[in-house]
Each structure stands twice: as C-alpha cells, then as structure tokens.
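Treat the numbers as computed from the prediction; the structure is a model and nothing was measured.
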Amino acid sequence: MDCTRVNWEALDALIIDFVTSENLVVEEDACANSSPSPSSSPCISSSSYHARLIIRRIRNSIESGDIQNAIDTLRSHAPFVLDDHRILFRLQKQKFIELLRKGTHEDRVAAIHCLRTCVAPSALDAYPEAYEEFKHLLLALIYDKDDQTSPVANEWAEKRRYEMAGLMSSVLRASLQAYDPLFSMTLRYLISIHKGFCFHQGISSAVSDLTHRLLLEERDPPATPLESMYEAPPFDEVDIQALAHAVELTRQGAVDSMKFAKGDLFQAFQNELCRMQLDVSVLDELVKEYCIYRGIVDSEMQMITGPVKRNQSEVTHRLSRDCSAEIDLNTSQHSDVEDYSMLDGALVNDSEMSSKEGGEVGSEPTNVSEDCSNSWSNKCENTRALVRIRSHMSCESNKRKRWRGRIDETDRLHDPSFSKTETGINPLENKYEIALALKELVSRGMVAEAGNEISTMDPDFFTQNPVLHFHLKQVEFLKLVSAGDHNGALKVACSHLGPLAANDQSLLKTLKETLVVLLQPDGNTTGKDLPLNDLANTLQVSVGNRLGIEEPQLMKIIRATLHSHTEWFKLQMCKDRFSNLLKIDSLKEVNADLIGAIKSRSNKENNANLSSQLTTTSSSTMTSEDGGSSSLMMTTQTSSREALWEESAILKVMEFLALSRSDAIQLLSQYNGNAEAVIQQLFG
C-alpha cells in the first residue's frame with residue numbers, strides 16, 4: 001500500500017461543494033416541514049445547476065428518441081445552439097429516423113413531412129457533405145430498421161441517439177459554461193492518470209474494481225469548432241502537448257479542442273474532462289458513504305441504520321434513558337491522565353506512522369482488527385462514552401446536512417417528504433458519533449480528554465498503539481508549556497514521552513525536538529493553532545476501525561490516485577499544469593509537523609520584529625538580495641531541468657512520435673539530446 005498522505009479537510013471542502021452543487025443534500029431546516037411544496041424545494045439554487053439540469057433534460061430526450069422535445073427545449077433555453085446549421089441538420093436527421101421507427105401510418109406521414117420541411121432545407125447550408133447524407137437518408141424509407149445488412153443500418157442504430165446526446169451535452173456544456181462540480185472533474189482526472197500510470201508501469205491497482213466501475217470507457221463526442229475557427233493562429237506546442245497527454249487526445253484532437261475553446265487551455269481542459277463519463281449512481285454512493293463517515297451529513301440517513309429523524313440532543317437523551325445509567329458529566333475532565341495509552345494496535349499504521357519507520361503524525365491505517373473488545377461493542381457503554389465526550393465540548397451544534405439523493409428534477413419534481421419515522425437506534429450509528437466526537441476533541445486540542453475517554457472504553461487501546469499515543473502526549477506537553485506549566489509538561493514527558501521513545505528508537509529525535517521547546521523564552525511558545533487535523537483524522541480512522549467502521553472506499557481511491565499522480569509526474573519530469581486548477585495541490589498539502597509549526601511561527605514573529613527596526617535603505621537592500629536569491633533559485637531549478645535536455649527537443653520528439661514526455665526523454669538520452677537524430681533514426 002502506498003503511504004500517500006491526504007489533506008482530508010481539503011477533500012471535505014470539495015465534497016461539500018459537490019453535494020451542494022448537485023443538490024444531493026438539504027439543510028435540517030428544509031426537512032422540518034413534512035410536506036414541502038415545490039416552491040420551497042432547495043433545488044435549482046444556482047445558474048450552473050439550472051444549466052446542467054437543462055443539459056440533462058435535453059440529453060434524456062434525445063436518448064429516448066424524443067428529438068422534437070429536445071429541439072423545443074433548446075429553442076427555449078439555448079437557441080443560439082441551433083444557429084449552428086451542422087447541429088440542426090443532425091437533429092433533424094435523427095428526428096426523421098425516430099418518426100419512422102414508431103412504425104404507424106401517421107408517424108410515417110409526419111416523417112415525410114419532416115424530410116421536406118426540415119431535413120432538406122437544413123442540408124443545404126450545414127456542411128459540404130450534408131446533401132449527400134440527406135440523399136442517403138432517403139433509403140431509410142425502403143429498408144427496414146431490423147435489416148442489419150441494409151446500407152442505412154448505421155442510421156437505424158439506436159447508438160446514434162447516444163452519440164447525438166453526447167455531442168449535444170459537449171456543445172451545451174462549453175457554450176453555457178455548465179461544467180460539472182470541481183470534485184467530479186478532479187476525480188475523473190486522478191482516475192485517468194492512475195489508470196495510465198498502472199498500465200505504463202505494468203502494475204495492478206488495489207482500487208481497480210472501483211475505478212473501472214466509476215470511470216467508464218465511453219466519452220461524449222467532442223464539440224467540433226466552426227469552420228471560421230479553422231484559420232486560428234497556431235497555439236503554443238507546450239499547451240497542445242499538455243492537453244493531449246492530460247486527457248489522452250491525439251495532437252489533432254488537442255488542437256481542435258483548443259480551437260473550440262478559442263485558445264483557452266484551461267477551458268479546453270475542462271471541456272475534455274467533462275466528456276469523460278462517470279457512473280453517477282456509483283459516485284453518489286461513494287460520496288454518501290464518505291459524508292456519513294466524516295460527519296458532513298447526518299449518519300441517521302445511512303441505509304443500514306434506517307431513517308431516524310431526531311436531533312443530537314434527542315438521540316443522546318433517548319439512548320441514556322434506554323440504558324438507565326447515571327452518567328457523571330463532570331468526570332474525566334482533568335488534563336493529566338495516568339492510564340491513557342493509545343490506539344493503533346487495532347489497526348496497522350502506514351510507513352509514516354509505524355514505530356519502525358518514524359515518528360510523524362498522520363498515518364493511514366491498513367487493516368481492521370478482528371478482535372474488538374466488549375467495551376467498544378456494548379451499546380450502553382458507548383452511550384455513556386458519547387455523552388461524556390460531548391460534555392467536554394461547548395453546546396454549539398455541528399450543523400449537518402441531510403442526504404437527499406439525486407432526484408429526477410428534469411420535470412421540476414418536488415422533494416420527497418422527509419417524515420419523522422421513529423425507529424430503533426442502531427448501535428452502529430452511535431459508533432459513528434463516538435469516532436466523530438473524539439476526532440473533534442483532538443482537532444480542538446483537547447487531547448487529554450480524548451485520551452481519557454478512549455482509555456475508559458478500552459484500557460489496552462493505547463498500549464497497542466504507542467506511536468499515536470506518543471503524538472497525543474506530545475500535543476499535551478506543548479499545550480502545558482504554552483500555558484507556562486513547565487512542571488506539568490515535564491511530568492508528561494517523564495511519565496509518557498520518555499518511556500514511549502525508549503521502546504521505539506525512531507521517536508527519540510522527535511522527543512529531543514519537543515523538549516527543546518522548554519528552552520524557548522516565555523511567550524514564544526504557543527499551544528494554539530497547532531496543525532492537529534492530521535492527528536485528529538488518524539484518531540478517527542483508528543477508533544473507527546476499532547469500532548468496526550470500515551474506512552470509506554472513496555478515501556482509498558483518493559489516496560491511491562494521488563500517489564499515482566505524484567509518481568506519474570516524476571516520470572514525466574515536469575509539473576502538472578492543471579493540478580492547481582483541480583485543487584490537487586491542496587489535497588497533497590498535509591501539515592503534521594507540530595515542532596516545525598512552532599518554529600515557523602516563532603521565525604515569523606522574529607522576522608516581523610526585525611523588519612520593523614530596519615531602515616528603508618536596508619529594506620531595499622534586503623529586497624534586492626532576496627530577489628537575487630529567488631532568481632538564483634529559479635535559475636538553478638531551470639538549469640537542473642534543462643541539464644537533462646532542451647525543452648524544445650523534448651517537445652519535438654513528443655510531437656513527431658506521439659510519445660509521452662518520459663518516453664521522449666528516454667529516447668533523447670540515447671542520442672545525446674539530439675531530437676533530429678532520434679526522428680531520423682526511427683523514420684530513416
């Protein structure tokens with residue numbers, strides 16, 4: 001398994017944007033009314049969603065053979081598309097075929113009328129071959145639709161519907177700027193890169209079953225540029241090659257795509273990405289599972305628990321009453337927990353979290369423990385734990401959304417009724433809440449409280465997971481130093497950090513760096529704003545595994561595809577031109593270095609103080625020096641890259657031989673960087 005670490009908060013942001021843009025969720029307030037009216041429906045909330053809804057309606061009409069309805073919708077919402085006579089002619093041809101396909105006398109009469117009044121006139125100025133196509137189409141009047149040997153068998157084929165529907169989707173998407181949500185495009189791109197990388201390297205993928213089900217082989221036909229664009233000025237070869245290899249196009253295909261996008265590389269890239277077809281039902285299920293796991297949507301809506309419709313306080317009260325337990329809300333709130341020993345034996349850490357390979361925060365678990373202790377699986381014990389954990393946090397509620405699903409809104413159907421069905425509490429739902437609540441405690445810096453609750457539920461948990469235990473205690477140590485309690489901090493170091501590092505030599509370096517914090521002047525060490533998200537996420541996954549909650553499959557896909565993305569561009573020896581657009585860089589930005597964060601903050605403060613004392617002259621000098629340093633660094637980076645071979649030589653080999661960047665570089669290395677020699681050898 002790869003050891004790629006992911007910024008799950010960045011993925012959360014993409015997912016929230018996706019489910020909101022696609023209208024897959026509703027706010028709790030929107031569900032309060034048991035019989036919402038169409039006017040109160042949360043759907044159709046943005047112009048982009050409106051446009052995608054129109055495209056979906058037109059696509060559905062064409063795929064079902066109702067061409068006239070598609071034309072009427074176009075006239076109402078995107079009449080400019082019909083100004084392209086090429087498109088209008090193709091639609092009228094398909095309308096003629098669909099009328100004939102119905103087989104009744106009335107429809108045959110209507111088909112001939114369509115031929116006279118619609119198809120023939122539009123053929124005159126569509127494109128040079130259109131009139132010949134029109135005459136060929138007349139053969140459909142005498143050859144049966146079931147005759148597979150007829151000269152018009154291709155015109156009768158129902159696949160023509162899907163080709164036409166795909167073409168219209170491509171044209172409308174680009175014309176209306178109605179691109180799919182960013183997450184959808186990012187996922188397409190990452191999976192495409194992952195598949196290409198695995199094929200190129202001859203390796204199998206652990207998520208191949210999921211990726212093949214999710215990203216289909218079919219693509220919508222490309223939107224072709226108008227003839228007026230054929231004389232467009234030549235595009236930069238760097239842009240052409242970047243687009244061609246990013247979305248697997250021929251060079252000519254990339255040029256045509258650039259023409260249609262009027263030279264805008266990033267618009268062309270988005271057009272091509274959206275041509276790739278995703279299985280929406282599979283995608284929605286993966287997203288739903290992730291949202292429940294991460295607490296983005298209410299876990300009560302998951303299929304395995306049933307539709308429980310109560311707020312959190314109601315759930316907690318009901319559970320507490322069912323268990324008939326007296327719960328002391330004031331217990332377990334002290335910061336020094338003696339028997340607080342941590343988590344990961346229930347699961348296996350990756351290379352960055354394992355005690356064998358290092359002491360950094362933020363590993364990803366690789367398997368689930370078969371042996372869950374009774375305390376984790378006991379419903380009443382979990383209820384007591386959940387109420388205790390929530391007692392540490394303020395009363396502010398983490399307002400979640402409710403899963404709505406992808407409802408057919410092409411006819412503006414109103415939302416289904418969200419009635420309050422009273423069902424029993426599923427214990428698994430409680431386990432989701434425990435894992436999420438513990439994650440929230442750690443993300444707020446309340447590591448002692450989180451550790452105490454885990455120890456209460458499973459005293460052996462930390463013993464089995466010493467590395468995660470070490471990092472939680474490290475945070476506790478830093479917070480005590482920040483508060484000026486050096487004695488308390490030393491007690492934590494002596495009781496926990498020292499023994500843990502003694503048993504795992506890889507933790508000694510981290511321990512030393514942690515203890516150095518004691519030497520910083522008072523006020524220079526802050527326990528606030530520490531990068532705790534990675535640690536909190538690791539804790540959630542670990543506790544979830546211990547509770548029998550499987551890691552969402554989407555997390556596995558993202559981790560695997562990000563790893564492939566990194567390795568692929570190492571092979572290409574260049575930076576991905578589109579990673580920033582798709583937020584891939586953000587997904588890879590994981591900050592888990594607690595000591596580094598403190599040093600960085602301290603350096604910034606010192607630099608700020610120093611800067612305020614400098615004169616204007618010295619400031620200018622420093623700026624000049626810094627600029628020189630930056631230029632030198634850029635020159636060094638450029639030189640190191642060009643030390644391989646000239647960029648122009650690489651592009652020339654890529655263009656003439658239709659090779660990937662890495663293959664072109666390998667060939668150049670055999671001919672001392674001489675592109676002409678490479679081409680001459682292969683063609684000579």
With a 3.5 Å cut-off and no angle check, do the side chains of Arg86 and Thr224 form a donor-acceptor pair? yes
Asp125-Tyr131 side chain donor-acceptor pair, cut-off 3.5 Å: no
Would you sort out whether Gln92 and Ser122 count as a side-chain hydrogen bond (donor to acceptor under 3.5 Å, both in side chains), showing the intermediate values? CA-CA 8 Å; Gln92 298 291 9; Ser122 60; 5.8 Å; no
Pair Ser564, His194 - check side-chain hydrogen bond (donor to acceptor under 3.5 Å, both in side chains), show working. CA-CA 5 Å; Ser564 298; His194 177 74; 2.6 Å; yes
Kindly say whether [Y] contributes a backbone atom to a donor-acceptor pair with the side chain of [X] at under 3.5 angstrom?
X: Arg108; Y: Leu141; value: yes
X: His136; Y: Glu132; value: no
X: His200; Y: Lys195; value: no
X: Ser169; Y: Ala165; value: yes
X: Gln94; Y: Ile67; value: no

Quick one: are [X] and [Y] in side-chain contact, heavy atoms under 4.5 Å?
X: Asp107; Y: Thr104; answer: yes
X: Phe269; Y: Asp264; answer: no
X: Ile193; Y: Thr561; answer: no
X: Lys159; Y: Asn154; answer: yes
X: Ile62; Y: Met168; answer: yes

Quick check: closest heavy atoms across [X] and [Y], and the distance to 0.1 Å?
X: Asp220; Y: Arg275; answer: O-NE, 2.6 Å
X: Pro181; Y: Ser21; answer: CG-CB, 3.8 Å
X: Ala140; Y: Leu100; answer: O-CD1, 3.7 Å
X: Val297; Y: Arg400; answer: O-CD, 3.9 Å
X: Lys145; Y: Arg101; answer: NZ-O, 3.1 Å
X: Leu115; Y: Pro121; answer: O-CD, 4.5 Å

Stepwise side-chain hydrogen bond (donor to acceptor under 3.5 Å, both in side chains) check, Gln241 with His245: CA-CA 6 Å; Gln241 292 298 330; His245 291 283; 3.2 Å; yes
Calculate, to the nearest 0.5 Å, the distance between atoms CG and CD belonging to Leu283 and Glu22 respectively. 8.5 Å
To the nearest 0.5 angstrom, please state how far the CG atom of Asp66 sits from the CZ atom of Arg57.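 If we round to the nearest 0.5 Å, Asp66:CG and Arg57:CZ are 12.0 Å apart.
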Would you say that more than 12 heavy atoms from the other residues, nucleotides or ligands in this model lie under 6.0 Å from the OH of Tyr179, or not? yes
For Phe80, look at atom CZ and say whether over 12 heavy atoms of other residues, nucleotides or ligands are found less than 6.0 Å away. yes
Only one of Glu155, Glu63, Glu98 clears salt bridge (charged side-chain N to carboxylate O under 4.0 Å, His left out) with Arg161; which?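 It is Glu98; the other options fail the test.
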Please collect all ring-ring contact (aromatic ring centres under 6.0 Å, His included) contacts where either partner lies in residues 81-103, sequence neighbours excluded, each pair once.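 Listed by first then second residue: Phe89-Tyr127.
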Parallel, tilted or perpendicular, judged at 30° and 60°: which one describes the rings of Tyr290 and Trp8?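 Judged by the thresholds at 30° and 60°, the geometry between Tyr290 and Trp8 is tilted.
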